[in-house]
*Asks:* 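Before I ask anything, here is the structure I am working with.
In what follows, every chain begins at residue 1, and chains take the letters A, B, ... in the order their sequences are listed.
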Amino acid sequence: MDNKKKILLIDGNSIINRAFFALPPMDNGDGLHTNAVYGFLTMMFKMIKNIQPTHISVAFDLKAPTFRHKAFADYKAGRKGMPSELAMQLEPLKNILDSMNIDRKELEGYEADDILGTISRIGEENDFSVYVVTGDKDAIQLASDKTLVMITKKGVAEVEEYNTEGVIERYGLTPAQFIDLKGLMGDKSDNIPGIPGIGEKTGIKLLQEFGSVEGVIENVDKLKGAQKKKVEENTESAIMSKELATIDRNIPLDLSFEDMEFGSFDVQAVIKEFQKLKFNSLISKLSELTDCEEKEVEKKEINKLEDIETFIEKINEEGVLSIKTICREGNILDKNIIKTFLSIDGKEYYYLDGEEIIALKEILESEEIEKIGYELKQDFVALRPYGIYLGNIKFDISIAEYVIESKSSSSYDIDSIANKYLYKKVMTKDELLGKGAKSLSFEEVDFENLKDYIIGIFDTVFGVIEAMEKSIIDDGMEMLFYDVEMPLIAVLGDMEYTGIMVDKDVLNELDLEIKELIYDAEKKIFSLAGEEFNINSPKQLGVIIFEKLGLPVVKKTKTGYSTNAEVLEKLMDEHEIIRLISDYRTVVKLKSTYIDGLNSVINEKDGRIHSTFNQTIASTGRISSTDPNLQNIPVRTNIGRNIRKVFISENGRKLVDADYSQVELRVLAHMSGDENMIEAFSSGEDIHRKTASQVFNVSLDDVTPELRSAAKAVNFGIIYGKSDFGLAKDLNISLARAKDYINSYFGKYDKIKGFMDEIVANAERTGYSTTMFNRRRYIPEIKSNNFIDKNRGKRAAMNAPIQGSAADIIKIAMVNVHNRLFEEGLKSKLILQVHDELIVEAVEDELEIIEALLKEEMENAVYLDVDLDVDLNIGNSWYETK
DNA sequence: GGAATCACG
DNA sequence: ACGTACGTGATTCCA
């Protein structure tokens, strides 16, 4: 089966039918069901990818009666018609096949089976390797050394393959005898009678002995008892059944292999069809199918913008501007722009050199002119040193893709966006600059190449906005995208550009202290171990404590002994070296990640640290912070908390730290509508204490610290979908008691239970869960057959609406705080966000205004069925704001 | 470049 | 019976 000529034959009705029943309902938002088409195409794409056929044909049944109906009035009697949800999907499927130039065949009086049988025969005669895909086992009779029959099992994704040998192996019969088997056993689904009482096993046995239906009949005398009687009484039925089950491989079919050739089609037309059905994920798979014409990036001119006046006039007319700055590596505070590329309509592209961009300041800052682009925060920040504040950021395609397709580990680079929406290959930054040691900078790169890179970005921006906008509206994310995510770009850009002041002296003092601690700990560890080794190497450390010192192994990792904090905690009483190792780990972490790490990113010009805030990373909608990560500065331990003394306010300013109190639990109370939980919050009591009293049925005064901490653990566990096992482990209680806690928790807060169950059920059906503001998180694992993956998917599904809604809320607050600071002409700056906490560096004159402003905007960002509560703390350093 | 570890909400 | 809390980022070791 290694011919160059390969023909893929698909039983269209059989496969679309299977797909319909195997896949959960899907629709395109316009009432058109799409699951069967989607399933069909997924299967077909997979086959094309695996088989690489040169020819394809899809056969369909027609409604008209076939020769089988004429021969046997009851043929297929009792079969229900197609459900309308499936019937409505036939035309769209046929349209897609047509637009992909895939041959379709249907012939009055015959079934799809007969078409496949005939083509496969002619194909074999013409030296093709033939691949037949269907859900109907009848087709097994077509199997041969040249024809591989693939029968779908479990939906449409997996198939069982049969060639001659495969049939013999599985049934002990030749493919031709498979027809005889049908003749004997009949087929309920087609209402073919066969011989009542003879099933697959008996049928196979008889055929192995007598060869065929006719053989069985001739030798009926050799049979005994009831079996003999059955065969005698149903001779005619058996012969007729065999006839009905025989695929007619000689039907009068017009066919030319030329028509069935597969490979070239109008990709853009197919994409349009897919977009109608919302099959975005399939669009990106088109490129895997065939190397047929990828749409080339059009060669375009990018000219120096000479006539700025006319350009500005035109912008004012159009009202939209796309921009991409290209910068040299350098200090965020310096003017680093090499070139700024501009386009108004996606047709004409221009550039300006370096500082020339200042000529467009008014337009760039204009609230009238809408700015569109890709990763516009970079441009926003790049323009700041020129005194330009990019205004009215309307549409950023990287963030649009993030809200449209939010799932874990997805990338939103320009190439994947272009590929998905436009089926275009565009140049990536890596392709432009190269990777690794040989990589170039933007300054070194050839200008012609740079132009192609920019054309790719602009073409993509202008090409995808319409489709993205439609997705955003269809999914109900207009408010989230236009009123939260887009304005947030400038907020985050400002935070990055402003940075946070650090006290280098404090940092150096801490460094000296910690060096001492590390040195002392090292010395003691080596002496207790009796040798020197690399304490930072879990491998070497494992050898020392588990082999040399013989401590009991608590847990293993993939690669060896586990030596993490939890394990060390368990070994604490076994040997005094453990405490030292644990402390050593703590201080080394502080030095490497925080002291050395922060030291290396202090901006030499302003003595501040300028982190980058990422808006398209976290699958739940949170913001993340890198270079450095300012969202994981130590706070939980006394020694670690000292790092916060490094983050200070400038002279004449104060840090105002505002944090939401229990925002995730409040979100949960609101979203679930649970009256008891809502009451718990409105009582104003400490929430974990109140929960303890409600769940354990004791008066508030009788809540012991143990009960409170149990309630706290359950409260948090609920947010993450924690199991009884995990709770038992954390609280160090029996599994039974942990179960008890959870049961009484859900007994008291029964709507929370219902809410969680509903989220999981919805996610299993739709594949995603949503926040209060319709932010989606896609969780494909929840449909997995793997128990572990599926459960992880369920927990992610339960957590995403809570964590994500809280993220939405603080983003709204950030936009509102930022707007008020601007509108009221205040000099204080929002400089940090740590998920439920905002930090403003306030000038002292504005301190009271800022306190009120922060509290007001954060508490009123949204209105929930429970109040949002914000705690304020003021200090000269982050350490003091506690 | 992945694994292990540990810092945060 | 399964394996056992969601979401991040940085550092270090080691193949």
Side-chain angles (χ1 to χ4, degrees), chain A residues 406 408-409 436 533-542 555-568 581-582 584-598 600-601 611-614 617-637 639-641 643-644 659-665 668 713-730 735 738 742 769 777 779 784-804 806-807 810 832-837 878:
Chain A
S406 194
S408 48
S409 80
F533 65 100
N534 188 345
I535 312 171
N536 293 319
S537 161
K539 200 177 158 193
Q540 293 181 36
L541 180 66
K555 208 172 85 180
K556 290 213 154 199
T557 65
K558 268 185 224 166
T559 53
Y561 309 112
S562 173
T563 65
N564 67 23
E566 202 188 323
V567 170
L568 296 182
I581 290 166
S582 176
Y584 173 88
R585 282 248 174 97
T586 308
V587 289
V588 164
K589 173 87 178 175
L590 289 177
K591 176 154 168 67
S592 64
T593 301
Y594 298 103
I595 295 176
D596 298 345
L598 292 174
S600 69
V601 290
S611 176
T612 303
F613 294 98
N614 304 297
I617 301 282
S619 48
T620 51
R622 276 190 175 179
I623 291 163
S624 86
S625 156
T626 48
D627 303 308
N629 182 356
L630 293 182
Q631 292 179 322
N632 71 346
I633 303 301
V635 68
R636 291 173 189 169
T637 63
I639 178 157
R641 194 152 53 235
I643 299 289
R644 296 193 168 214
D659 71 291
Y660 279 116
S661 155
Q662 305 298 349
V663 63
E664 292 192 341
L665 277 179
L668 175 61
V714 181
N715 269 333
F716 281 104
I718 296 303
I719 291 175
Y720 303 135
K722 192 177 196 170
S723 66
D724 41 19
F725 180 93
L727 186 68
K729 203 172 83 172
D730 273 14
L735 190 62
I742 292 173
S769 55
R777 170 171 177 186
I779 306 157
S784 165
N785 292 322
N786 179 308
F787 177 88
I788 301 166
D789 290 348
K790 190 181 178 70
N791 278 339
R792 193 175 302 129
K794 284 185 185 177
R795 294 193 296 266
M798 289 188 269
N799 175 259
I802 303 171
Q803 188 182 115
I810 197 164
L832 264 185
Q833 187 251 41
V834 193
H835 309 309
D836 64 355
E837 169 186 15
W878 201 358

*Asks:* Check every strand shown and say whether A:Arg585 touches a base, only sugar-phosphate, or nothing at a heavy-atom separation below 4.0 Å.
*Replies:* sugar-phosphate

*Asks:* Taking the side chain of A:Asn534 as its heavy atoms from C-beta onward, which of C:dT8, B:dG9, C:dC13 lies nearest to it?
*Replies:* C:dC13

*Asks:* Across the strands shown, which category fits A:Glu664 at heavy-atom distances under 4.0 angstrom: base, sugar-phosphate, nothing?
*Replies:* nothing

*Asks:* Using a 4.0 Å heavy-atom cut-off, does A:Gly717 contact any base of the nucleic acid, only the sugar-phosphate backbone, or nothing at all?
*Replies:* base

*Asks:* Using a heavy-atom cut-off of 4.0 Å across all strands, would you classify A:Ile788 as base, sugar-phosphate, or nothing?
*Replies:* sugar-phosphate

*Asks:* Taking the nucleotide of DNA chain C with the nearest heavy atom to each, does A:Ala796 or A:Asp724 sit closer to the 5' end?
*Replies:* A:Asp724

*Asks:* Please answer whether the main-chain N or O of A:Gln833 pairs with a side-chain N or O of A:Gln631 as donor and acceptor at a distance below 3.5 Å.
*Replies:* yes

*Asks:* Just checking A:Ala800: base, sugar-phosphate only, or nothing, at a heavy-atom cut-off of under 4.0 Å?
*Replies:*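 Since no nucleic acid heavy atom lies under 4.0 Å of A:Ala800, the category is nothing.
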
*Asks:* Starting the side chain at C-beta, find the nucleotide from B:dC6, B:dA4, C:dC13 nearest to A:Asn564.
*Replies:* B:dC6

*Asks:* Let's test your reading of the model: under 3.5 Å, does the base of C:dC6 pair with the side chain of A:Gln803 as donor and acceptor?
*Replies:* yes

*Asks:* Within the structure shown, what part of the strands sits under 4.0 Å from A:Lys729 by heavy-atom distance: base, sugar-phosphate, or nothing?
*Replies:* nothing

*Asks:* Compare the minimum distances between each of C:dC14, C:dG3, B:dC6 and the side chain of A:Lys589, then state the nucleotide with the smallest one.
*Replies:* B:dC6

*Asks:* Does the base of C:dT11 carry an N or O that pairs as donor and acceptor with the side chain of A:Ser592 under 3.5 Å?
*Replies:* no

*Asks:* Quick one: does A:Asp730 reach the base of C:dA5 with a side-chain donor-acceptor pair under 3.5 Å?
*Replies:*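 Result: at least one qualifying N/O pair found.
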
*Asks:* Looking at the side chain of A:Asn632, which of B:dT5, C:dG9, C:dG7 is the nearest nucleotide?
*Replies:* C:dG9

*Asks:* Pick base, sugar-phosphate or nothing for A:Ser723, based on heavy-atom distances below 4.0 Å to the nucleic acid.
*Replies:*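 The residue A:Ser723 makes base contact.
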
*Asks:* Select base, sugar-phosphate, or nothing to describe what A:Val635 touches, counting heavy atoms under 4.0 Å on all strands.
*Replies:*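 Counting heavy atoms under 4.0 Å across all strands, the contact made by A:Val635 is with sugar-phosphate only.
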
*Asks:* Working to the nearest 0.5 Å, report the span between OG1 of A:Thr593 and CD1 of A:Ile643.
*Replies:* 9.5 Å

*Asks:* Measure from the side-chain heavy atoms of A:Ser537 and tell me the nearest of B:dG9, C:dC13, C:dG7.
*Replies:*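 Minimum distance to the A:Ser537 side chain belongs to C:dC13.
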
*Asks:* Base of B:dG9, side chain of A:Arg636 - is there a donor-acceptor contact under 3.5 Å?
*Replies:* yes

*Asks:* Rounded to the nearest 0.5 Å, what's the gap from CD1 on A:Ile623 to OG1 on A:Thr612? Could you check?
*Replies:*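 Going from the CD1 atom of A:Ile623 to the OG1 atom of A:Thr612 covers 13.0 Å.
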
*Asks:* Does the side chain of A:Arg795 get closer than 4.0 angstrom to OP1 or OP2 of C:dC6 through an N or O atom?
*Replies:*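 Checking C:dC6 against A:Arg795, a side-chain N or O does come within under 4.0 Å of OP1 or OP2.
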
*Asks:* Is there a donor-acceptor contact under 3.5 Å from the side chain of A:Thr586 to the main chain of A:Lys589?
*Replies:*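 Here the side-chain-to-backbone pair does not exist.
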
*Asks:* Can you check whether any acceptor in the base of B:dG9 is under 3.5 Å from a donor in the side chain of A:Arg622, or vice versa?
*Replies:*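 Such a pair is found, so the answer is yes.
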
*Asks:* Of the nucleotides C:dA10, B:dT5, C:dG7, which has the atom closest to the A:Pro538 side chain?
*Replies:*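 Of all the options, the side chain of A:Pro538 is nearest to B:dT5.
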
